[in-house]
Amino acid sequence: MSIVADLVELAAAVAREAGDLARMRREEGVHLAATKSTLADIVTDADREVEELIRARLREARPGDGFLGEESAADPGSTGITWVVDPIDGTVNYAYGIPAYAVSIAAVEGIADPDQWQALAGAVYAPASGELFTAGRGAGAWLDDRRLAVTVDTPAGALLATGFGYDPATHDGDLATVRSIMPIARDLRRAGAAALDLAYVAAGRLDGYFERGLKPWDFAAGSLLVSEAGGRVTRLDTESLRPMLVSGGIEVHARLLDILGDET
Ligand code: LIP
């Protein structure tokens, strides 16, 4: 089996096991462990436990690989491959009991910098729905055993998704961005989990998605899903504190860049 296929298989298996643990902990009751950048930026005991499980499984399978996760210390590794992991993306949804959350695991090659790495494999597992989205570089994007493709035509306007950061001071600017986008939109969705938003773009459930301020683990796997499903993903303002991620089918992605590129 190719290295990409091996990495996809490992990411999928670990994402499923980790997601089943997250779902079990949710059913038992979620406990707030700490807050991070703001009071709204929370981490639960389950976030930490799930990341520990993922890290242990990946270390068992591929000792020497690097690790870049949301809840634990980064490790550059020695193999040139780094795992970029969000144990529970959509943490606020998870804490409130909203079933829109996912385990996001990606394997990237090169420097663990989203503007320099080459994503090789990704898995996004939604425990509440049981849906497992996977992608391998050059091997397509899949929902279980169904091949995924982004949308092409949006005659009624684009069904778009976005999100807002944890700092209320950024909300006014982000709402201004939404206002600038609405002329090309048929409607807007705000599900609260970037990895799922990107998976839905890859699956054709959304025509496009944009959001400022995402962390590498929010989008590492989902971005590969979109590109392997025939879509495009671009990061704008990469030197700023809140880079803008833009994704969609080729035409919607271009229209979003026309508007958002002027804002930068
Ligand atoms: C979340 C993203 C979401 C964004 C939130 C947060 P987390 O990631 O998935 O799209 O709007 O601000 O960044 O914190 O749940 O891993």
Side-chain angles (χ1 to χ4, degrees), residues 15 18-19 22-23 25-26 30 32-52 54-55 67-72 74 83-106 114 122-129 133 160-175 177-178 181 188-202 205-206 208-226 233 235 237 240-248 256:
R23 186 179 58 240
R25 291 294 182 252
R26 176 58 265 182
V30 169
L32 180 64
T35 60
K36 298 187 287 189
S37 60
T38 68
L39 279 177
D41 187 1
I42 61 173
V43 56
T44 70
D45 289 335
D47 285 277
R48 290 175 172 172
E49 183 184 7
V50 170
E51 182 159 318
E52 286 169 14
I54 294 169
R55 196 158 189 163
F67 190 89
L68 177 63
E70 181 168 19
E71 309 303 348
S72 58
W83 294 92
V84 187
V85 171
D86 192 339
I88 299 175
D89 185 52
T91 299
V92 174
N93 287 345
Y94 182 76
Y96 275 75
I98 299 170
Y101 65 94
V103 175
S104 181
I105 299 176
V124 174
Y125 178 55
S129 67
F133 301 86
L160 300 174
T162 190
F164 301 94
Y166 290 123
D167 179 358
T170 64
H171 290 170
D172 199 41
D174 289 350
L175 285 169
T177 297
V178 168
I181 291 290
L188 190 71
R189 298 287 183 269
R190 200 292 190 240
L196 281 185
D197 288 328
L198 288 164
Y200 285 12
V201 170
R205 296 177 181 175
L206 290 169
Y209 164 64
F210 62 94
E211 183 167 352
R212 278 197 182 281
L214 296 175
K215 298 293 191 282
W217 40 78
D218 294 325
F219 61 80
S223 296
L224 183 63
L225 288 170
V226 172
V233 181
R235 294 180 76 233
D237 302 345
S240 75
L241 289 175
R242 300 182 74 232
M244 169 70 83
L245 184 132
V246 180
S247 65
L256 288 171

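Just follow the structure's listing: the first ligand is 1, and inside any ligand the first atom is 1.
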**Q** Under 4.0 Å, heavy atoms only, figure out whether ligand 1 is touched by the backbone of Thr91, its side chain, both or neither.
**A**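 Near ligand 1, Thr91 shows its backbone as well as its side chain.
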**Q** Under 4.0 Å from any heavy atom of Ala193, which atoms of ligand 1 are there?
**A**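 So the atoms of ligand 1 that pass are 9 (O), 10 (O).
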**Q** Return yes when Lys215 approaches ligand 1 closer than 4.0 angstrom through a heavy atom, no otherwise.
**A**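 Not so, Lys215 does not reach ligand 1.
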**Q** To the nearest 0.1 Å, how far is atom 13 (O) of ligand 1 from its closest protein heavy atom, and which atom is that?
**A**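 Here the nearest protein heavy atom works out to Asp218 OD2, 3.7 Å.
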**Q** Using a 4.0 Å cutoff against the non-hydrogen atoms of Ala194, which atoms of ligand 1 qualify?
**A**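 Contacts of ligand 1 toward Ala194, numbered from 1: 2 (C), 3 (C), 9 (O), 10 (O).
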**Q** For residues Glu70 and Pro87, report the shortest heavy-atom separation together with the two atoms involved.
**A**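 Nearest heavy atoms, Glu70 then Pro87: CB-CD, 4.1 Å.
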**Q** With a 4.0 Å cut-off on heavy atoms, is Phe219 touching ligand 1?
**A**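 The answer is no, since Phe219 has no heavy atom less than 4.0 Å from ligand 1.
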**Q** Near Glu70, which atoms of ligand 1 are under 4.0 Å from a heavy atom of that residue?
**A**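 Taking each heavy atom of Glu70 in turn, ligand 1 has 14 (O), 16 (O) under 4.0 Å.
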**Q** Tell me which donor-acceptor pairs under 3.5 Å the side chains of residues 188-202 have, and how far apart each pair is, sequence neighbours excluded?
**A**
{"from": "Arg189", "atom 1": "NH1", "to": "Asp187", "atom 2": "OD2", "distance (Å)": "3.1"}
{"from": "Arg190", "atom 1": "NH2", "to": "Phe164", "atom 2": "O", "distance (Å)": "3.0"}

**Q** My understanding is that only residues two or more places apart in sequence, or in another chain, count here; which of them pass side chain to side chain contact (heavy atoms under 4.5 Å, CB included) with Arg242?
**A**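 Arg242: side chain to side chain contact (heavy atoms under 4.5 Å, CB included) contacts with Thr170, Asp174, Arg212.
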**Q** Check step by step if salt bridge (Lys or Arg N to Asp or Glu O under 4.0 Å) holds for Glu71 and Lys36.
**A** CA-CA 10 Å; Glu71 309 303 348; Lys36 298 187 287 189; 3.1 Å; yes
**Q** Hey, is the main chain of Ala46 close enough, under 3.5 Å, to the side chain of Tyr94 for a donor-acceptor pair?
**A**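 Here the side-chain-to-backbone pair does not exist.
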**Q** Under 3.5 Å, side chain of Ser104 to main-chain N/O of Asp218, donor-acceptor pair present?
**A**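 No; zero donor-acceptor contacts below 3.5 Å.
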**Q** What's the shortest distance from atom 8 (O) of ligand 1 to any protein heavy atom, and which residue and atom give it?
**A**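 Closest protein heavy atom to atom 8 (O) of ligand 1: Asp89 OD1, 3.1 Å.
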**Q** Starting from atom 4 (C) of ligand 1, which protein heavy atom do you reach first, and at what distance in Å?
**A**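 Result for atom 4 (C) of ligand 1: Glu211 OE2, 3.0 Å.
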**Q** Is the closest heavy-atom distance from Ile88 to ligand 1 below 4.0 Å?
**A**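 Checking ligand 1 against Ile88, which is what was asked, there is a heavy-atom contact under 4.0 Å.
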**Q** Where the side chain of Arg23 meets the backbone of Ala18, is there a donor-acceptor pair that is under 3.5 Å apart?
**A**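 It does not hold such a pair.
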**Q** Given 3.5 Å as the limit, does a donor-acceptor pair link the side chain of Thr38 with the main chain of Tyr166, or not?
**A**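 Yes: the side chain of Thr38 pairs with the backbone of Tyr166.
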**Q** Could Glu49 and Arg25 be called an ion pair, given the rule that one side-chain N must be under 4.0 Å from one carboxylate O?
**A**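 Result for this pair is yes, salt bridge flagged.
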**Q** Where on Arg190 is there a heavy atom closer than 4.0 Å to ligand 1, on the side chain, on the backbone, on both, or on neither?
**A**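 Just the side chain.
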**Q** Nearest protein heavy-atom contact for atom 14 (O) of ligand 1: which residue, which atom, what distance?
**A**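 The answer is Tyr166 OH, 2.7 Å.
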**Q** Against heavy atoms of Asp86, which atoms of ligand 1 measure under 4.0 Å?
**A**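 Listed by number with element, the hits are 16 (O).
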**Q** Any atoms of ligand 1 less than 4.0 Å from a non-hydrogen atom of Phe164? List them with their elements.
**A**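 Those of ligand 1 that fall under 4.0 Å from Phe164 are 11 (O), 12 (O).
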**Q** Gly90 heavy atoms, cut-off 4.0 Å: which ligand 1 atoms fall inside?
**A**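 What qualifies from ligand 1 is 7 (P), 15 (O).
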**Q** The test is side-chain contact (heavy atoms from CB on, under 4.5 Å); show your working for Leu160 and Leu256 and say whether it passes.
**A** CA-CA 10 Å; Leu160 300 174; Leu256 288 171; 4.1 Å; yes
**Q** Just jot down the ligand 1 atoms closer than 4.0 angstrom to any heavy atom of Tyr209, in number order.
**A**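 Selected atoms, number and element: 10 (O).
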